[in-house]
Amino acid sequence: MTAKPLLNDCFLHDKDRLKHAEALAILKDRLAPVALSQTIPLGEALGRILAQDITAPRNIPLADNSAVDGYAFRFADHDEAGGFFRLRQRVAAGHASNEMLAPWGAARIFTGAVMPPGADTVAMQEDCETHRQDGEDFVIVPQGLKKGANCRKAGEDVAEGTKILTSGHRLKPQDLAAIASTGLAKITVYRKLKVALVSTGDELRRPGDLITIGDVYDSNHYLLKSLTAGLPVEIEDLGILKDDAGLVERTLAEASKTFDIILTTGGASRGEEDHMQTALEKLGQRHMWQLAIKPGRPMMFGQIGNCVFLGLPGNPVAAMVCFLLYGRPVLSVLGGGGFVEPQRFQAPADFEVPKKKPDRREFYRGILGIDENGKTIARKFDRDGSGLITGLREADGLIEIPEDATSVKRGELVTFLPFSGMGVV
Ligand SMILES: Nc1nc2c(c(=O)[nH]1)N[C@H]1C(S)=C(S)[C@@H](COP(=O)(O)OP(=O)(O)OC[C@H]3O[C@@H](n4cnc5c(N)ncnc54)[C@H](O)[C@@H]3O)O[C@H]1N2
Ligand code: MOO
């Protein structure tokens, strides 16, 4: 009798698993936007992905205007007038003056008001003295101002014809401000992706339900729903799937007809109760599974018809790490936004890892600190278990240790991926 091949993946060497960079390359290669575009009011566009370029149709600001409350004058007059100007006009914001400034004349002006013709410089009111003589008002402007001081030039924010945003850009609050400043009330964006969210496992219960020994509350649903909250997606909760091959297959087949993407957690590994990969192989194509990373080894990506399938591991730490590294860019590409990479910076390690397995990339939960010299340092959450939500909660981001490293020494520079740079707020 020949021995059955071992299913336990611990016997597969990391050398034989797909590397992180290879996994990213597969995702980049196989994915394209699926979302069509729609026109919506600007006020509803936060977080949406632009499906048009935005070009300024006119100068912003439209005209030269004052940056302060004060007095506008012609710079060339200052020395001749000895800083002594006749007050000739009053210009408030929203009430432009067409009247040419008389020689040695000044205009009372307020912040944002258009410079009267002929004026090129503004003195702040706090620096000036006013004076009334023979029924006429004068202002005394001190020396030392440069020509053009306190005057904001037309187009200095954006010149007419400048492209300020490009199709594929995800809109931040300040982008909406910039689009509003061009006068556009409606814009074209990609429609939201339809995402099915599925938790799997006989042991799972929803918060509020009673539990008994062996049960686990479904944290991943809340984790993923929140991680996708700011993204342009419509999440539908398909609930908890029992570990039943037929049920898993039927649910995925049905969901693939209406959703752009099915996002699952759990059942991704090789146990007999892990049905995701068999269902995926039966219904569609698996493009990757089993990565040389920790946590997140059983991460799975494929498609069922035109529906993308992303199978995240069940352990909450692995689910979050895999979502941030792979799920977020996948959603971005499908939604028209291009492949988003995490922000990275280097910081000295305030920890030691005497021995790390080679051939796999590891992602520790990282906590930022400040050393005695005021420099940023990276600390590692001291326990590695993939079920420890505490580590995710305490962390500011992930520390990325490359495949070829076999240890981490204190003081060595390590790569830090802040959660804030991966959309976690
Ligand atoms: N023989 C092997 N065993 C395991 C392997 C392996 O390669 N060979 N991989 C391990 C790794 S690494 C991970 S990660 C886990 C992931 O496996 P699954 O995706 O199949 O996840 P489950 O077995 O369903 O669950 C794992 C763990 O996570 C808990 N869980 C699941 N879903 C949730 C949820 N929604 N909320 C909270 N917690 C959840 C579940 O109860 C289990 O404790 O497999 C290792 N085993
Ligand atoms: O790598 Mo699994 O993803 O650690 O627990």
Side-chain angles (χ1 to χ4, degrees), residues 4-14 16-20 23 196-209 211-228 235 237-245 247-248 262-280 286 288-302 309-327 356-357 359-365 381 383-393 398 400-401 403:
K4 267 175 101 182
L6 284 167
L7 275 182
N8 191 331
D9 181 60
C10 303
F11 290 84
L12 184 68
H13 196 277
D14 284 315
D16 305 318
R17 293 202 182 89
L18 205 63
K19 297 277 181 283
H20 175 63
L197 192 55
V198 186
S199 303
T200 70
D202 282 349
E203 74 279 28
L204 296 182
R205 300 285 177 274
R206 282 284 162 87
D209 291 349
I211 55 167
T212 179
I213 297 294
D215 293 342
V216 173
Y217 282 122
D218 178 5
S219 338
N220 289 350
H221 172 75
Y222 293 87
L223 178 68
L224 289 166
K225 192 150 185 221
S226 314
L227 286 171
T228 53
I235 297 276
D237 176 17
L238 299 194
I240 296 168
L241 271 188
K242 293 282 177 202
D243 292 322
D244 170 327
L247 176 68
V248 168
I262 302 172
L263 192 57
T264 69
T265 65
S269 192
R270 296 189 172 204
E272 282 156 28
E273 300 292 338
D274 295 332
H275 302 296
M276 283 305 158
Q277 73 103 9
T278 30
L280 180 59
R286 195 185 70 206
M288 68 189 208
W289 184 40
Q290 296 292 327
L291 310 187
I293 60 169
K294 184 182 183 246
R297 184 166 61 192
M299 159 77 203
M300 202 186 307
F301 162 67
F309 177 87
L310 206 60
L312 307 177
N315 278 319
V317 177
M320 180 159 175
V321 169
C322 286
F323 178 80
L324 294 177
L325 296 177
Y326 311 113
K356 171 197 161 281
K357 274 195 186 169
D359 299 321
R360 73 180 185 195
R361 190 170 295 220
E362 299 195 351
F363 296 91
Y364 308 141
R365 271 64 75 211
F381 182 69
R383 291 173 295 147
D384 289 328
S386 198
L388 304 173
I389 301 175
T390 306
L392 293 177
R393 191 166 49 72
L398 301 174
E400 181 179 34
I401 308 295
E403 288 81 357

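As a basis for the values below, the full set of heavy atoms in this structure was taken, side chains included, without hydrogen atoms, waters or symmetry mates. Ligands are counted one by one from 1 in listed order, and the atoms in each one are counted from 1 as well.
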**Student:** Only heavy atoms count here, so choose which of Pro295, Ser269, Pro313, Ala318 is nearest to atom 9 (N) of ligand 1.
**Tutor:**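 It is Ser269 that holds the nearest heavy atom.
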**Student:** When you look for heavy atoms under 4.0 Å from ligand 1, do you find them on the side chain of Met276, its backbone, both, or neither?
**Tutor:** neither
**Student:** Which protein N or O atoms sit under 3.5 Å from any N or O of ligand 2? Give each pair with its distance.
**Tutor:**
residue, atom, partner, partner atom, Å
ligand 2, 1 (O), Gly296, N, 2.8
ligand 2, 3 (O), Gly296, N, 2.4
ligand 2, 4 (O), Ser386, OG, 3.2
ligand 2, 5 (O), Asn315, ND2, 3.0
ligand 2, 5 (O), Ser386, OG, 2.8

**Student:** Determine whether Leu280 and Trp289 make a side-chain contact, defined as any pair of heavy atoms from C-beta on separated by less than 4.5 Å.
**Tutor:**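 No; the side chains remain at least 4.5 Å from each other.
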**Student:** Taking Thr265 for its side chain and Thr200 for its backbone only, find out whether a donor-acceptor pair lies under 3.5 Å.
**Tutor:**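 Side chain of Thr265 to backbone of Thr200, a donor-acceptor pair under 3.5 Å: no, none is there.
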**Student:** Taking both backbone and side-chain atoms of Glu203, is any N or O found less than 3.5 Å from an N or O belonging to ligand 1?
**Tutor:** yes
**Student:** Give, for atom CD1 of Ile240 and atom CD of Glu203, the distance between the pair rounded to the nearest 0.5 Å.
**Tutor:**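 Going from CD1 on Ile240 over to CD on Glu203, the span is 9.0 Å.
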**Student:** Going by distance only, is there an N or O of His221 that falls short of 3.5 Å from an N or O of ligand 1?
**Tutor:**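 No: no nitrogen or oxygen of His221 is under 3.5 Å from one in ligand 1.
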**Student:** Kindly identify the option in Ala319, Gly296, Gly314, Cys322 whose heavy atom sits closest to atom 28 (O) of ligand 1.
**Tutor:**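 Ranked by closest heavy atom to atom 28 (O) of ligand 1, first place is Gly314.
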**Student:** Does the residue Pro298 have a heavy-atom contact with ligand 1, meaning some pair of atoms that are separated by less than 4.0 Å?
**Tutor:** yes
**Student:** Please examine the side chains of Asn315 and Pro295, heavy atoms only from C-beta on, and report whether any two atoms are closer than 4.5 Å.
**Tutor:** no
**Student:** Is there a side-chain contact between Met299 and Leu312 (heavy atoms, below 4.5 Å)?
**Tutor:** yes
**Student:** So, do Lys294 and Asp384 sit near enough that their side-chain heavy atoms are less than 4.5 Å apart?
**Tutor:** yes
**Student:** Do the non-hydrogen side-chain atoms of Arg206 and Asp237 ever get within less than 4.5 Å of each other?
**Tutor:**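 The answer is yes; the side chains approach within 4.5 Å.
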**Student:** Relative to the heavy atoms of Asn315, which atoms of ligand 1 are at a distance of less than 4.0 Å?
**Tutor:**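 This gives 13 (C), 14 (S), 15 (C), 26 (C), 27 (C), 28 (O) as the contact atoms.
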**Student:** By number and element, which atoms of ligand 1 are closer than 4.0 Å to a non-hydrogen atom of Ala268?
**Tutor:**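 Close to Ala268: 18 (P), 19 (O), 20 (O).
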**Student:** Main chain of Phe363, side chain of Arg365: is a donor-acceptor contact present, judged purely on distance under 3.5 Å?
**Tutor:**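 Yes; judged by distance alone, with no hydrogens or angles, the pair exists.
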**Student:** Are any of the side-chain heavy atoms of Met288 and Met300 separated by less than 4.5 Å?
**Tutor:** no
**Student:** Run the numbers for me: atoms of ligand 1, each under 4.0 Å from some heavy atom of Tyr217, listed by number.
**Tutor:** 36 (N), 37 (C)
**Student:** Check the pair Phe381 / Leu392 against side-chain contact (heavy atoms from CB on, under 4.5 Å), numbers first and verdict last.
**Tutor:** CA-CA 9 Å; Phe381 182 69; Leu392 293 177; over 6 Å; no
**Student:** Hey, does Arg297 sit under 4.0 Å from ligand 1 if you only count heavy atoms?
**Tutor:** yes
**Student:** Judged by atom type as modelled, is there a donor-acceptor pair below 3.5 Å linking the side chain of Asp202 to the main-chain atoms of Asp243?
**Tutor:** yes
**Student:** Classify the contact between Asp274 and ligand 1 as side chain, backbone, both or neither, using a heavy-atom distance cut-off of under 4.0 Å.
**Tutor:** side chain
**Student:** Is the backbone of Leu247 close enough, under 3.5 Å, to the side chain of Asp244 for a donor and an acceptor to pair up by distance?
**Tutor:**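 Yes, because the side chain of Asp244 sits within donor-acceptor range (under 3.5 Å) of the backbone of Leu247.
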**Student:** Given that the side chain starts at C-beta and the backbone is N, CA, C, O, which of these parts of Ser219 lies under 4.0 Å from ligand 1, counting heavy atoms, or is it both or neither?
**Tutor:**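 It is both parts that get close, each with some atom under 4.0 Å.
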